[in-house]
Participant: 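Supplied in structure tokens, the structure appears directly below.
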Amino acid sequence: EVQLVESGGGSVQSGESLRLSCSASGFTFDDSYMVWYRQGPGNGCELVSYIGAGGTTYYTDSVKGRFTISLDSAKKTVSLQMNSLKPDDTAVYYCAADTVVSLCYYNMAYWGKGTLVTVSS
């Protein structure tokens with residue numbers, strides 16, 4: 001059974017940090033892109049960051065310099081370190097996996113249930 005389980009969400013003040021983690025199982029982890037998406041209140045789905053098996057990374061412009069994605073292949077875990085959080089970062093964050101990167105988590109082969117991040121000013 002394929003599982004992606006996110007953790008680490010919570011409520012913080014503007015400027016604080018959170019670290020999201022996604023634990024994966026049941027699929028060929030090393031062949032997949034691991035992707036973080038978010039969906040804020042009243043907003044559409046946004047691709048936040050991804051990391052490929054070879055270490056290729058991508059960040060959407062609004063999080064560059066603040067977020068860092070990392071991969072622990074041995075533990076099959078992908079993490080998203082989020083620093084200098086802003087109220088605009090408030091969203092449900094989803095972890096997803098596939099051999100290609102899609103515009104939204106629900107177009108990916110596998111995705112988790114999401115974890116809520118709330119940033120207050």
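Throughout, numbering of the chain's residues begins at 1 and tracks the sequence. Here the structure is a predicted model, which is why all the values come from computation and not from measurement.
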Participant: Is a side-chain donor or acceptor of Y59 paired with a backbone partner of I69 at a separation under 3.5 angstrom?
Facilitator: yes
Participant: Nearest heavy-atom pair of V78 and W36: which atoms, and what distance?
Facilitator: O-CZ2, 3.8 Å
Participant: Less than 4.5 Å apart, side chain to side chain, heavy atoms only: is that true for M34 and I51?
Facilitator: yes
Participant: Can you tell me how far CG of N43 sits from OG1 of T90, rounded to the nearest 0.5 angstrom?
Facilitator: 10.0 Å
Participant: Going from CG on D72 to OG1 on T77, what distance comes out if it is rounded to the nearest 0.5 angstrom?
Facilitator: 6.0 Å
Participant: Please find the pair of heavy atoms, one from R19 and one from S79, that lie closest to each other, and give the distance.
Facilitator: NH2-CB, 3.6 Å
Participant: Would you say CG of L116 has more than 12 non-hydrogen atoms from neighbouring residues, nucleotides or ligands within 6.0 angstrom?
Facilitator: yes
Participant: To the closest 0.5 Å, what do you measure between CD (E46) and OG1 (T60)?
Facilitator: 4.5 Å
Participant: Is any NZ, NE, NH1 or NH2 atom of the basic residue among D89 and K86 found under 4.0 Å from an Asp or Glu carboxylate oxygen of the other?
Facilitator: no
Participant: Roughly how far apart are Q81 CD and S70 OG, rounded to 0.5 Å?
Facilitator: 8.5 Å
Participant: R38 and A91: which non-hydrogen atoms are nearest, and at how many Å?
Facilitator: CB-CB, 3.7 Å
Participant: Determine the minimum heavy-atom distance between S84 and S17, stating which atoms define it.
Facilitator: N-OG, 4.2 Å
Participant: Report yes if the distance between the aromatic ring centroids of Y94 and Y37 is under 6.0 Å, otherwise no.
Facilitator: no
Participant: What are the two closest non-hydrogen atoms of P87 and S14, and how far apart are they?
Facilitator: CD-OG, 3.8 Å
Participant: Do the rings of Y93 and F67 sit parallel, tilted or perpendicular, given the 30° and 60° boundaries?
Facilitator: tilted
Participant: What is the minimum heavy-atom distance between M108 and Y33, and which atoms define it?
Facilitator: CE-O, 4.4 Å
Participant: Check the hydrophobic clustering (I, L, V, M, F, W, Y; side-chain heavy atoms under 4.5 Å; chains of links allowed) and say if W111 and Y50 are grouped together.
Facilitator: yes
Participant: To the closest 0.5 Å, what do you measure between CE (M82) and OG (S49)?
Facilitator: 11.0 Å
Participant: Output the distance between atom SG (C22) and atom OH (Y110), rounded to the nearest 0.5 Å.
Facilitator: 13.5 Å
Participant: Would you say V101 ends up clustered with V63 if hydrophobic residues are merged whenever their side chains have heavy atoms under 4.5 Å apart, either directly or through other cluster members?
Facilitator: no
Participant: Following the transitive rule for hydrophobic clusters with a side-chain heavy-atom cut-off under 4.5 Å over Ile, Leu, Val, Met, Phe, Trp and Tyr, establish whether L80 and V92 coincide in one cluster.
Facilitator: no
Participant: Sub-3.5 Å donor-acceptor pair from the side chain of E6 to the main-chain atoms of T115, do we have one?
Facilitator: no
Participant: Do the side chains of Y58 and L71 join up, straight or via other hydrophobic residues, at under 4.5 Å, putting them in one cluster?
Facilitator: no
